[in-house]
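The block underneath contains the structure these notes are about, expressed in structure tokens.
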Amino acid sequence: MSKKTLLSLAALLCVALCLQAQTFQEGFFLRDYKLAYQYNPALAADSENFLSVAQWRSQSLNNVGASAYMYPTEDGLVLGLNSAIPADVFLGNLPAQDRSRSEFNFGLFSYGFRTTNAFHTLELNVRGLYSMTVPKELFEFLKLGAGDSTFKMGGFNIGGGIFAEAVYGYSRRLNSWLSLGVRAKLLLPLFGAQYDIDRLDVTATEDKVEVWHHGDLYLTNLTTQLKPNEQGYIDLLYTSPHGKLGVRPSGVGLAADLGLVATPVDGLTLSASVQDLGCMFWYYGNRMTAAGPTTFEGMDFGSLDNIKSGSFSEKLTAVGDTFLQTLKPMPANNKWLFFLRSFQANLGLKYEMPFYRRLAVGATALYQGCSTVPYWETRLAIEANPWNWLDVTATFGTGAFGPVFGVAGAVKVYKFRLTAGLQDGFGGTVRYTSTPLKANFRSFTIGLTYDL
Amino acid sequence: MKRFVPLLVLLLLLCGCQNKAYDTDNLVMKATLFEEGISVPVGNAGPFNLELAMQVKTVASLLGSSLETEYDGTILCRTDIPLGKRNIYQIVSETEDQTQPTAYTIGYRSDSPGTLAGLLQSFGFWAVDQHISIVANNPLDVPYTVNGSVFVKCQDVKKWQIVYEKTEQLDGFTIPRTYGDVSLLNLHLPEDVHFTPSSVGFSDFVLNLPANLRTQLRSSNNQDFVFNGKYTCHISAGENTEIPLGMLGFKTVSVNFGLPVGAYELKEVEASFTLESTLPLQVTLSNIRLMTGEKPAIDEKLEVSPEQLVVLGGSIHEPGSTPVTLKIKSKEGAIPDITGLSMDLDIVSAPGHAKTRLSLKQGISVKSAKATLRGGITLGINE
């Protein structure tokens with residue numbers, strides 16, 4: 001493999017596996033929300049001691065919605081590959097690459113405590129991510145065919161991973177109107193899997209059908225090596241019985257959050273923060289490559305009896321098996337891969353109404369960079385805290401995929417505070433599912449804190 | 001606070017807005033691929049050889065003949081010629097003085113061995129490599145002699161003319177004491193004689209037997225004087241072969257098979273291939289139609305073009321080559337499951353290939369078949 005190819009592959013992997021920052025902007029507006037420091041570490045400068053357990057946060061982004069793949073017709077809901085849907089309509093609705101990613105963050109605990117001049121937080125999270133990239137060319141090929149030329153596809157990617165995150169946070173007031181916060185994160189990859197297809201060329205002519213495929217499969221595993229079978233292939237179902245590919249440390253990473261909060265006038269809060277500046281090294285103890293051309297130039301059907309008896313079906317199956325053979329992975333050199341963390345930059349503004357301090361308005365903006373699905377958005381917000389035990393906020397704005405909205409609320413009972421929030425886009429979902437019909441950004445948060 | 005309630009309700013509704021039109025319970029799980037067409041190589045098939053011809057063995061046996069295959073695949077037509085037998089006790093009973101040598105007259109006996117070959121000949125085929133043998137046995141412990149002649153006559157059945165005649169005199173021909181058969185005639189007909197023997201036999205045939213015939217008998221298990229013949233020939237195409245398939249009821253041929261393509265909702269299929277024939281016959285396929293249905297019947301909605309194909313004949317060393325492009329199109333809807341093929345057949349001799357012997361190795365092969373599917377292939381995704 002040439003150096004150029006290796007660099008291309010590395011670059012592809014960096015783009016594909018950049019880890020996504022997560023956001024809960026509504027938390028900026030909720031009053032006395034203890035976990036707001038995750039949005040901006042400086043917001044904890046005036047916080048009180050707390051303990052939080054079992055916080056769940058998930059986020060998904062997709063740059064194309066289900067409506068690009070499904071179409072209501074008089075005959076029912078049909079796929080874009082249905083002949084009732086013209087090619088220019090179906091293909092016109094697809095971006096160059098269908099990109100999607102999801103991530104979850106399960107906060108095992110967060111503990112915040114005050115010292116004389118500063119506020120400190122400790123937390124341990126388990127985070128997971130999934131991403132997929134499918135090029136439009138695949139659907140062009142399926143919908144129209146390749147004609148007499150070679151149809152070149154590449155840039156398929158599917159991958160995911162789980163890693164642990166241990167975080168220490170420090171916040172303090174610099175003066176009466178300015179606060180600073182920082183969070184340092186130690187990241188510990190536990191399990192990751194990645195499959196990249198950088199080449200898939202299909203030639204279908206009267207003389208031959210040729211498929212040229214090259215794909216790399218990565219599995220993290222520090223100690224156990226998957227052994228190839230007699231044919232030199234790794235049979236994942238056979239060689240990885242329970243326990244062999246377990247969850248275990250497979251690399252290391254570091255990241256940091258930085259934040260500043262200013263309160264220049266009474267009732268006005270300005271926030272600026274950057275989350276997840278950092279990188280990760282993943283060790284893929286098992287790397288496999290599936291590559292090679294497969295060519296079909298016709299077959300020998302034999303006699304009329306063979307055709308009548310259907311034995312040519314067996315021959316067709318054999319041809320299929322030959323093509324599948326190129327998808328079987330062979331062992332390759334193990335590899336460390338370097339991934340930049342996807343960072344998120346946030347700006348926020350909140351102003352409590354002088355005539356009714358329990359009502360606030362504000363605005364937020366964010367940008368997620370170095371991500372499989374780059375994203376930005378701006379929102380206007382309104383927040384109300386009519387009673388001490390109830391706090392609600394709503395946001396509305398526009399983002400990379402169109403209009404967005406968010407709602408969040410917190411209910412306080414004694415020293416317990418239950419907080420939940422949802423950010424979503426418009427466009428509706430597939431019935432009985434949460435699959436968005438349009439390109440979408442969605443985030444959901446729920447968590448419980450206890451004031452110590 | 002109340003003023004915020006409508007806004008919150010609106011946002012929650014938007015959040016949970018599920019589009020009824022996108023109900024996956026109504027999702028048609030079908031995908032039509034390659035709408036602009038796709039071409040694929042198919043390969044080769046055959047040869048589809050003359051094994052079918054061997055299935056006329058039953059007919060052959062009814063005509064007293066058999067069809068055999070030689071080591072090189074050549075078809076050999078074989079017919080036994082029974083010319084009679086005489087039991088020694090019958091001869092004794094008909095002899096006045098058994099103590100004296102006896103001249104026993106058999107006289108005239110003949111048979112027509114080329115019935116099958118003659119039938120083929122009437123279609124224009126030629127009988128070639130014709131061979132006739134006549135043998136006699138000797139059940140006695142001593143030699144005996146025969147007088148008379150053996151003859152072979154070939155007749156042009158259309159003109160009722162004798163075209164070949166051969167007679168061999170056997171006066172005083174000795175049949176020695178032997179356990180095997182003794183040849184009375186071993187005749188290869190000339191190459192230019194393509195007509196089958198209309199008559200093979202002997203005339204004025206007399207057995208000159210020793211005195212005390214009964215005591216000369218070698219074994220009580222073999223008491224017969226037997227006279228047999230054998231006729232063999234190969235069959236070749238003639239210069240004006242024309243098989244009257246219509247008269248034989250084979251004019252329209254139907255081949256039933258299963259080609260389950262209906263599920264793929266194909267609109268048009270174009271198949272191109274080369275028919276390579278080593279048959280010394282030119283086969284014309286016409287009125288080619290496809291059959292559909294559980295009980296295969298011609299489907300008028302399916303167009304096949306061209307409707308006629310002329311498959312050129314050839315030989316094993318010089319096959320005839322016929323490029324073919326066949327289009328199948330449905331006049332209405334998609335092409336359903338195809339369950340058979342119907343066509344009219346005309347078989348005539350291929351120019352320049354007369355005298356080429358018919359062989360089981362001859363046949364028609366499909367070479368370099370390619371298919372182009374236009375309008376897409378529909379697949380059931382959950383199937």
Side-chain angles (χ1 to χ4, degrees), chain A residues 66-67 70 72-73 75-85 87 141-148 204-209 296-308 310 312 315 382 384 386-387 392 394 396 405-407 422 424 426-435 437, chain B residues 1 3-4 7-8 10-12 14-49 51-52 255-259 265 267 272 363 366-379 381:
Chain A
S67 64
M70 295 189 287
T73 68
D75 297 326
L77 190 61
V78 301
L79 299 170
L81 288 172
N82 193 292
S83 58
I85 307 304
F141 171 69
L142 293 175
K143 183 77 175 171
L144 300 175
D148 288 335
T205 66
E206 286 187 340
D207 297 321
K208 68 175 180 180
V209 174
F296 171 66
E297 294 177 329
M299 67 179 89
D300 193 346
F301 288 94
S303 68
L304 188 63
D305 285 342
N306 283 348
I307 294 173
K308 281 185 173 177
F312 73 98
K315 293 186 178 183
I382 185 167
W387 303 285
V392 292
F396 179 80
F405 71 91
V407 289
L422 172 72
D424 207 344
F426 294 88
T429 62
V430 174
R431 200 178 189 193
Y432 306 128
T433 76
S434 60
T435 308
L437 289 170
Chain B
M1 176 60 194
R3 58 189 142 176
F4 299 123
L7 177 63
L8 284 172
L10 177 64
L11 287 173
L12 287 170
L14 287 170
C15 164
C17 181
Q18 294 190 337
N19 195 321
K20 291 180 183 178
Y22 290 87
D23 185 346
T24 51
D25 287 345
N26 299 326
L27 185 61
V28 180
M29 292 297 285
K30 277 185 175 180
T32 301
L33 308 180
F34 315 128
E35 288 180 7
E36 290 189 350
I38 187 167
S39 298
V40 290
V42 177
N44 306 316
F48 308 116
N49 54 30
E51 283 177 32
L52 188 66
V255 183
N256 296 335
F257 52 84
L259 207 56
E265 298 181 17
K267 305 289 187 302
S272 62
V366 178
K367 299 284 185 187
S368 306
K370 298 152 185 177
T372 299
L373 311 176
R374 296 199 175 88
I377 307 164
T378 299
L379 300 175
I381 292 176

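Below, chain A is the first sequence line, B the second, and so on; all start at residue 1. Just so we're clear, the structure is a prediction, and the values are computed from it rather than from any experiment.
- Heavy atoms from other residues, nucleotides or ligands lying under 6.0 Å from NZ of K267(B) number more than 12.
- Interface remark: of the candidates D207(A), I85(A), V78(A), L437(A), L437(A) forms the most heavy-atom pairs closer than 4.5 Å to chain B.
- Comparing I38(B), V42(B), T372(B), N26(B) by how many heavy-atom pairs each has under 4.5 Å with chain A, the most go to V42(B).
- With values rounded to the nearest 0.5 angstrom, T32(B) atom OG1 is found 11.5 Å from L142(A) atom CG.
- For L144(A), the parts lying under 4.5 angstrom from a heavy atom of chain B are both the backbone and the side chain.
- Side-chain atoms of L81(A) and L33(B), non-hydrogen and from C-beta on, do get closer than 4.5 Å to each other.
- Two residues are said to be in side-chain contact when any heavy atoms from C-beta on lie closer than 4.5 Å; L27(B) and L79(A) meet this criterion.
- Considering every non-hydrogen atom in both P41(B) and F296(A), the closest pair reads O-CE2, 3.2 Å.
- The two residues N82(A) and E35(B) come nearest to each other via the heavy atoms O-OE2, 3.9 Å.
- Taking NZ from K370(B) and CD from E297(A), the interatomic distance works out to 10.5 Å, rounded to the nearest 0.5 Å.
- Looking at S83(A), both its backbone and its side chain come within 4.5 Å of chain B, counting heavy atoms on both sides.
- Counting heavy atoms from C-beta on, the side chains of Y432(A) and D25(B) come closer than 4.5 Å.
- Top candidate by heavy-atom pairs under 4.5 Å with chain B, chosen from T435(A), D75(A), T433(A), is T433(A).
- The contact between S67(A) and chain B is made by backbone and side chain atoms together, counting heavy-atom distances below 4.5 Å.
- Interface remark: E206(A) contributes backbone and side-chain atoms alike to the contact with chain B (heavy atom separation under 4.5 Å).
- In this structure, chain A has a heavy atom under 4.5 Å from the side chain of S272(B), while its backbone stays farther away.
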